[in-house]
Asks: 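Pasting in a structure now, in C-alpha cells, and then I'll have a few things to ask.
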Amino acid sequence: MKEIKHFINGTFVGSASGRTFDDINPANGQVIGRVHEAGRAEVDAAVQAARAALSGPWGAMSVAERADILHRVADGITARFDEFLEAECLDTGKPKSLASHIDIPRGAANFKVFADLLKNVPNEAFEMATPDGSGAINYAVRRPKGVIGVISPWNLPLLLMTWKVGPALACGNTVVVKPSEETPLTTTLLGEVMQAAGVPAGVYNVVHGFGGDSAGAFLTEHADVDAFTFTGETGTGELIMRAAAKGVRQVSLELGGKNAGIVFADCDMDKAIEGTLRSAFANCGQVCLGTERLYVERSIFEEFVARLKDGAESLMIGPPDDPTSNFGPLVSLKHREKVLSYYQQAVADGATVVTGGGVPQMPEALAGGAWIQPTIWTGLADDSAVVTEEIFGPCCHIRPFDSEAEAVALANSLPYGLSATLWSDNVSRAHRVAGQLEAGIVWVNSWFLRDLRTAFGGSKQSGIGREGGVHSLEFYTELKNICVKL
Ligand code: NAD
Ligand code: 6OD
C-alpha cells in the first residue's frame, strides 16, 4: 500500500495529526494508497518554506540559470515517463494510450515552453521630455510575485498543475500546490524530479487534502500567499476569490463551461464527426473544453446524429492497460452518481436517448469501477438543466438549427464562455461566426489543438484572466516601472 506524503521544503513528510484518506483506482474501486491530509500546520510549514526560498539561491538565480533547471525538470519527467504514466492512469483510470500522448508529454512541455519564453520577452521603455530639457527614461522590469498558491483539479492532473507551476517557477516565484484529493500521485512524484533537477528546497511544495475546511481552504486563508491560480468548478472559484480578497491577493481562475459545438451543412462531415467524438467523449467527457451541447444545421441533422451514434457505439471501453481501449471510467463513483443524475433528468425531461444512458456491463474484476456509457440525447428543451448545466461526463445533447444567427444565439445563451467549436468549410462564415461567439477559445474545424504561446482562459463565468504565452508572465510577475531623471 502506497503512503502519499506532503512535499515540504524538499522533504516528504506526513501529517502531524496522522489523518489520512484513501486514494482509489476508479477503474476497479480498489484502494491504491493512503494520502496524508494536511492540517493548518502543514500548510503553514509549506508556505513558510516557500517564502524563505524566495530569498535563498532561487531568488538570486538569473533567468537563464532557472531556465536550465526547468529544462532538467522536463527531462526528468520524460526520463521517468512510464512511472508518471502508471501513476496518472492509476489515479484517473484513463487509457494509457491517451495519457501517453497528452497528459505526460504536456506535463514536461509546460516547463520547457515557459522557461524558453521568459528568456525572450522584451519589456517596455519610454523616453520622456522634462521642463528642464534634460529628459528622463522610464523602463519596466518584471519581478516574481512571490509565493503562489496553486489549486488544481483531477481531470488532467499533471498537465493542468504543471501548466501553472511551469510559468510560476520560470518567473522566479515559489509555489505551494494543492492537487485534487482524487489524484495526488503525479504531483507528489514531481517532488522527486524537482529535487533531482536541482530545484532548491522550498521552491516546490505540495500539500494534500480536500477543499473546504481542509488543505485547500487552509491555503487560500493563509495570509502569506501572494496570489492564487486555480482550475476547477465555477462555484469553487467564487469561494477562492472571496478568500483571496482578504489581503487583496490576485487570482487567476480557469473554471467550468458548457461548451457549444456548431456544425454547419457546409462542413466536412467526416472531420466534424471525428472531432466531435473527441470533444464529447475524450477522457470520458472530463475535459473542461469538451462539447456538451451541439447545434447542427437541420439539413444534415439526421445524418450527423446517426453517424455520431455509430462513432459513440464503437468506442472501446476498457482499463488503462488495455491497448485497444480508448474510453476509461469516470474519476470516481461519487462523480458517476452526479453524471447519472443528469442521465435520469434527461429522460424525465423527455429526451430521446440516441445511445447510452446508463452503466455498461463490465467483467467482474472491473465491476467496482466508475464505468459509464457514452450518451447522446436529442429532443430536450433549451432550458433543460441537462442543456444548461455542466455535467462533466461523456454525453451531449444535439439540437437542429435553421440559420447562422440562431446558432450563434443558442451558443451564446448560457452564462459560461470557456470554449466553442465550429465546423464549416466556408472560410468567411467561419471567421464571422468565430468572432461572434462569447468564449475565450474558439476552434474552427478542430478541437483541443493547443499552441502554448496563445491566450487561454474563459469569459463570463468560465474564468478570470488569461494564461499561456506572455499572458502567463503577466500573472506570475509584477511589472515595475523605473523612472530615471537624466
Ligand atoms: P473542484 O472545484 O471541485 O476542485 C478543484 C480543486 O479545488 C481541488 O483541488 C479541490 O480540492 C479544491 N477545492 C475545492 N473546494 C475548495 C475550497 N473551498 N477552497 C480551496 N480549494 C478548494 O473541481 P474538480 O471537480 O476537481 O474539477 C472539475 C471542474 O474543473 C469542472 O467544473 C471543470 O470544468 C473545471 N475545469 C476547468 C478548466 C479550465 O481550464 N477552465 C480545466 C479543467 C477543469
Ligand atoms: O491545454 C491547456 O493548457 C489546458 N489548460 C487545458 C485545459 C483542459 C481542461 O480540462
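Read the numbers this way: they start at 1 and go in the same order the structure lists the ligands and their atoms.
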Asks: Is the closest side-chain heavy-atom distance between Phe218 and Lys178 below 4.5 Å?
Replies: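 No - every pair of side-chain heavy atoms lies 4.5 Å or more apart.
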
Asks: Under 4.0 angstrom from ligand 1, any heavy atom of Ser152?
Replies: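 Yes, Ser152 has heavy atoms under 4.0 Å from ligand 1.
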
Asks: Would you check, one step at a time, whether the test ring pair (Phe, Tyr, Trp, His ring centres under 6.0 Å) holds for Phe21 with Phe210?
Replies: CA-CA 10 Å; Phe21 58 94; Phe210 302 88; 4.5 Å; yes

Asks: Considering the heavy atoms of Arg450, write down every atom of ligand 2 situated less than 4.0 Å from one of them.
Replies: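 Answer, ordered by atom number: 1 (O), 2 (C), 3 (O).
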
Asks: Below a 4.0 angstrom heavy-atom separation, can you tell me which part of Asn155, side chain or backbone, both or neither, approaches ligand 2?
Replies: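 Side chain only.
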
Asks: Check ligand 2 against Trp163 and write out every atom of the ligand that is under 4.0 Å from a heavy-atom position of the residue.
Replies: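 Near Trp163, the atoms of ligand 2 are 3 (O), 5 (N).
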
Asks: Just to be sure I read this right, does ligand 2 sit under 4.0 Å from the backbone of Leu156, its side chain, both, or neither, counting only heavy atoms?
Replies: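 The side chain, only.
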
Asks: Do Ser17 and Glu37 pair up side chain to side chain, a donor and an acceptor below 3.5 Å, judged on atom types alone?
Replies: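 No donor-acceptor contact under 3.5 Å links the two side chains.
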
Asks: Is the shortest distance from a heavy atom of Ser214 to ligand 1 less than 4.0 Å?
Replies: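 Ser214: no contact with ligand 1 (<4.0 Å).
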
Asks: Applying a heavy-atom cut-off of 4.0 Å, say which part of Arg106 lies close to ligand 2: side chain, backbone, both or neither.
Replies: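 Just the side chain.
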
Asks: Can you tell me which portion of Glu182 lies within the under-4.0 Å heavy-atom range of ligand 1? Options are side chain, backbone, both, or neither.
Replies: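 Near ligand 1, Glu182 shows nothing, with every heavy atom at 4.0 Å or more.
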
Asks: Quick one: does Ala217 get within less than 4.0 Å of ligand 1, heavy atoms only?
Replies: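 Under 4.0 Å: yes for Ala217.
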
Asks: Would you mind listing which atoms of ligand 1 come within a distance below 4.0 Å of any non-hydrogen atom of Glu254?
Replies: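 Listed by number with element: 37 (C), 38 (C), 39 (C), 40 (O), 41 (N).
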
Asks: Between the side chains of Thr162 and Asn110, does any donor sit under 3.5 Å from an acceptor?
Replies: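 The criterion, which ignores hydrogens and geometry beyond distance, is satisfied for Asn110 and Thr162.
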
Asks: Only heavy atoms of Phe456, strictly under 4.0 Å: list the atoms of ligand 1 that pass.
Replies: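 Checking each atom against Phe456, I get 40 (O).
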
Asks: Would you mind running through ligand 2 and noting each atom that sits below 4.0 Å from a heavy atom of Val287?
Replies: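 Those of ligand 2 that fall under 4.0 Å from Val287 are 10 (O).
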
Asks: Short list, please: which atoms of ligand 2 are under 4.0 Å from a heavy atom of Leu160?
Replies: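 Taking each heavy atom of Leu160 in turn, ligand 2 has 4 (C), 5 (N), 6 (C), 7 (C) under 4.0 Å.
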
Asks: Can you name the atoms of ligand 1, numbered from 1 with element, that are less than 4.0 Å from a heavy atom of Asn155?
Replies: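 Ligand 1 atoms under the 4.0 Å threshold to Asn155: 43 (C), 44 (C).
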
Asks: Run the numbers for me: atoms of ligand 1, each under 4.0 Å from some heavy atom of Pro179, listed by number.
Replies: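 Checking each atom against Pro179, I get 9 (O).
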
